[in-house]
There are 2 protein chains.
Amino acid sequence: MPKKRKLARGVAIAGAGMSKFGMFPDKNSKDLFAEAFGEMLTSVDKGLDPKDIDALYVGNFTNDFFVHQAHWGPIISDLIGLTPKPATRTEGACASSALAFREGVFAIASGFYDIVLVGGVEQMSKRTTEEVAEGLALATVPYEGEAGFTFPGVFGALATAYFAKYGAGREDLMNITVKSHNNAPLNPKAQFPLTIRDIMDARRKKLEQRGLPVPDWSDEKSFLSDPTVNPPVAWPLHLYDCCPISDGASCILLVAEELVRNFTDEPIFVAGIGQGSGRGLHASESLTSFEATRYAAQEAYGMAGIDADAIQFAEVHDCFSMAELIHVEDLGFFPQGQGYRAIAEGATALNGPIPINTSGGLKCKGHPVGATGTSQLFEIWTQLRGKAGKRQVPKDNLRIGAAHNLGGTGGTCTFTILERR
Amino acid sequence: MPKKRKLARGVAIAGAGMSKFGMFPDKNSKDLFAEAFGEMLTSVDKGLDPKDIDALYVGNFTNDFFVHQAHWGPIISDLIGLTPKPATRTEGACASSALAFREGVFAIASGFYDIVLVGGVEQMSKRTTEEVAEGLALATVPYEGEAGFTFPGVFGALATAYFAKYGAGREDLMNITVKSHNNAPLNPKAQFPLTIRDIMDARRKKLEQRGLPVPDWSDEKSFLSDPTVNPPVAWPLHLYDCCPISDGASCILLVAEELVRNFTDEPIFVAGIGQGSGRGLHASESLTSFEATRYAAQEAYGMAGIDADAIQFAEVHDCFSMAELIHVEDLGFFPQGQGYRAIAEGATALNGPIPINTSGGLKCKGHPVGATGTSQLFEIWTQLRGKAGKRQVPKDNLRIGAAHNLGGTGGTCTFTILERR
């Protein structure tokens, strides 16, 4: 259990932006970040002169591998006109930009800087699927790679363990997939803005047009049970349990609490930050829980002075449907082994008691790994300002949301609680 | 000119360690970090229970490329028994671990953590020289790589510009090489613990043993002028102007100022931190100065409330002899264009008015890129505690030293001022 920690100086969000997520062969990392940065600038209600930004943190997993270019701090700094101000890259696999966010919080809370831009970028679609798998494997611990584990393999093993321990099955994972796809069409930035029903209807129509027999897909689950539609990737995970390969960028403007109202009358405050590290699968005490997530959650709840019950909605790191199930339990939203039942009853739906991944999640919004952490916080910020449009969480007095970001096989986990005051 | 900045809470160094630097085909990154960590532990005068460390920052440039493994935070965390505490990798090319140091300072100054381990590691010798050159090029800005610039090419171009502008020549660079080699044998961690005279005498002896004619090497400079000894790499830079390929690790224990005397009666305090970013060669206003270094220096001097005259000795980033010459001017130790004359007069020698690279520098100590930043600070800390043995700076009241770390072609520069109080 971590000590109860606090920051010497409060930090708030004054603006945020993200690019559309997807596969964009004609865009590079700079194009993507520029798109996010431009939106951030227009989001700052009272305006921001970019010259007032003191420092930059950029999360990137491995553009080293994906596009053969490291050292992204100064490249992004130059792009947005910040040079010669400091620019630092953070890397924690798929949690890289959540780390950038945290370092930006520390840099302001330390008193050294007042206004810090944090964000992330990843450009993955220049590589083949096989190459992306090789690149992603750089984030696993060595033992896992040597044992032949890819990411779907790891999360498939966790699913098998969870099923055996708690009696869940593939249908429970489908509930998560269907829910994420229900949210995605409501998010204009999403890579796959389609419900499972949309996809099913389109497929049925195409078969009919070709005069081919149409299977008896009575509902989403029967559709997802059809192996011609949803083939296995790493049993029990199938194609629709897995997030896609994506390009994208996102960024957030952090400002010292006492200065933030110079930029916006609707600041969102950093109420809690937490981070933990993990050993990897081979050394985990449990295959149905991530120690790093639990540590990060306790650190963040401790700082915020709240517990899981106070979280009104969250983004969690659903690189696979199974991952979402583990996280909502590790974060304390549901007791261990009971999350899948609550999900089946709609607990995490947009109109449920604790909406999860209103953005569509990594599954549907996309997962440009270095950009994911700050894109999750972009979603929480958007919701807390009541500006999420059709996907707005339908709750009175929406005040506290949180984002959980996971890197590797639980090697790095963060949990960040945001609050409207 | 950066604003005058300060930290809300002081930070000090309670211990430090580094591995031997060199080419170690039988060691991996974990072996190297363990060596540095072990020495750090024994260096904490009053003892440290590693369980009291709150968080870890690890600088690494691109083990992604060098050993096909990213996400080093949790791997090092697991190695030293810190899991599940947070572990973050920073990357700023050859300045990666100076960034880790800075983030550790911010994390403590923010009030969130009290005791943070920072360090760096790089394992380069598993790759061929050609592959290392390809890996290092990941740190240049895209334009430079496309123009065919390698690192020796970039610094060769700077040397040409400097020579043309200020009238210096190859002999002035030799003064820097000879000086660094004079310091190296006094440093038991150095990769090349030999003076140029040592190397010359050994070569002479070998030729005599073989009955071959011995050239008329009257002194170090005539030896370094012999192209069979010191062939050109990228004119005017020759082999002995360039740092080697190295493996190594280093780490530093940072503690909140008010707690540090629980660990040592000889703490060394962080007096100033500075960081800047640069655009790369194609957009530089000057080829004989790095804007990022000047920005970093002003930030650090501003925080410390001192100017360059107060710095009693320094480590500067001599990836090439030419780089050292540019940095000692950018940092304000000598006026622009006059550094080479002062160096010729011995100003930067161990017994000179401002000793530079008492460790032997990157040239002789070695340059495992991710480990270099904290290894420079290890040297400053060692000197300020009066524990540098035969290479101890021979000054009464040695109180203020500084380290300058450069990443890429000036993309990331840091300047850190340490003080004994």
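Just so it is clear, the structure is predicted and the values come from calculations on it, not from any experiment. Values below: every heavy atom of this structure, side chains too, minus hydrogens, waters and symmetry copies. Chain naming here is simple, since letters A, B, ... match the order of the sequence lines and numbering starts at 1 in each.
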A.B. asks: For chain A, which residues from residues 278-291 of chain B have at least one heavy atom closer than 4.5 Å to it?
C.D. replies: B:G278, B:R279, B:E291
A.B. asks: Does any non-hydrogen side-chain atom of A:R5 lie less than 4.5 Å from one of B:D54?
C.D. replies: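 A side-chain contact under 4.5 Å exists here.
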A.B. asks: Measuring heavy-atom distances to chain A, does B:L7 have an atom under 4.5 Å in its side chain, in its backbone, in both, or in neither?
C.D. replies: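 Its backbone and side chain both get close to chain A.
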A.B. asks: With a 4.5 angstrom heavy-atom cut-off, which part of A:K4 approaches chain B: side chain, backbone, both or neither?
C.D. replies: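 Neither part.
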A.B. asks: Could you tell me which portion of A:T140 (side chain, backbone, both or neither) has an atom closer than 4.5 angstrom to a non-hydrogen atom of chain B?
C.D. replies: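 Only the backbone of A:T140 comes within 4.5 Å of chain B.
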A.B. asks: Going by the rule side chain to side chain contact (heavy atoms under 4.5 Å, CB included), which residues pair with A:A93 if we only count those two or more places apart in sequence or in a different chain?
C.D. replies: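 Once residues adjacent in sequence are excluded, the partners of A:A93 under the side chain to side chain contact (heavy atoms under 4.5 Å, CB included) criterion are A:F61, A:E91, A:A139, B:H71.
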A.B. asks: Do side-chain atoms of B:S277 reach the backbone of A:K85 as a donor and acceptor pair under 3.5 angstrom?
C.D. replies: yes
A.B. asks: With sequence neighbours left out, write down each residue that passes ring-ring contact (aromatic ring centres under 6.0 Å, His included) with A:F33, or none if nothing qualifies.
C.D. replies: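 Counting only residues at least two positions away or on another chain, A:F33 forms no ring-ring contact (aromatic ring centres under 6.0 Å, His included).
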A.B. asks: Are any of the side-chain heavy atoms of A:P86 and B:R102 separated by less than 4.5 Å?
C.D. replies: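 Yes, side chains in contact.
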A.B. asks: For the CG atom of A:L138 and the CH2 atom of B:W72, what is their distance to the nearest 0.5 Å?
C.D. replies: 11.0 Å
A.B. asks: With a 4.5 Å heavy-atom cut-off, do B:Q275 and A:T88 have their side chains touching?
C.D. replies: yes
A.B. asks: Show, in sequence, the C-alpha distance, side-chain angles and deciding distance for A:S110 and B:S110, and conclude whether the side chain to side chain donor-acceptor pair (under 3.5 Å) test is met.
C.D. replies: CA-CA 4 Å; A:S110 75; B:S110 75; over 6 Å; no
A.B. asks: Nearest 0.5 angstrom please: B:D64 CG to A:N63 CG, how far?
C.D. replies: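 Output value for this atom pair is 10.5 Å.
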A.B. asks: Which bit of B:L56 is near chain A, if near means a heavy-atom gap under 4.5 Å: side chain, backbone, both or neither?
C.D. replies: neither
A.B. asks: If the condition is side chain to side chain contact (heavy atoms under 4.5 Å, CB included), which residues does B:K27 pass it with, not counting sequence neighbours?
C.D. replies: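 Listed in chain order: B:F24, B:D31, B:L32, B:E35.
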A.B. asks: Indicate yes or no: at least one non-hydrogen side-chain atom of B:H68 is less than 4.5 angstrom from one of A:E134.
C.D. replies: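 The answer is yes, as the side chains (C-beta and beyond) meet within the 4.5 Å cut-off.
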A.B. asks: Please name the residue in the list A:K3, A:K6, A:E299 that meets the side-chain contact (heavy atoms from CB on, under 4.5 Å) test with B:F112.
C.D. replies: A:E299
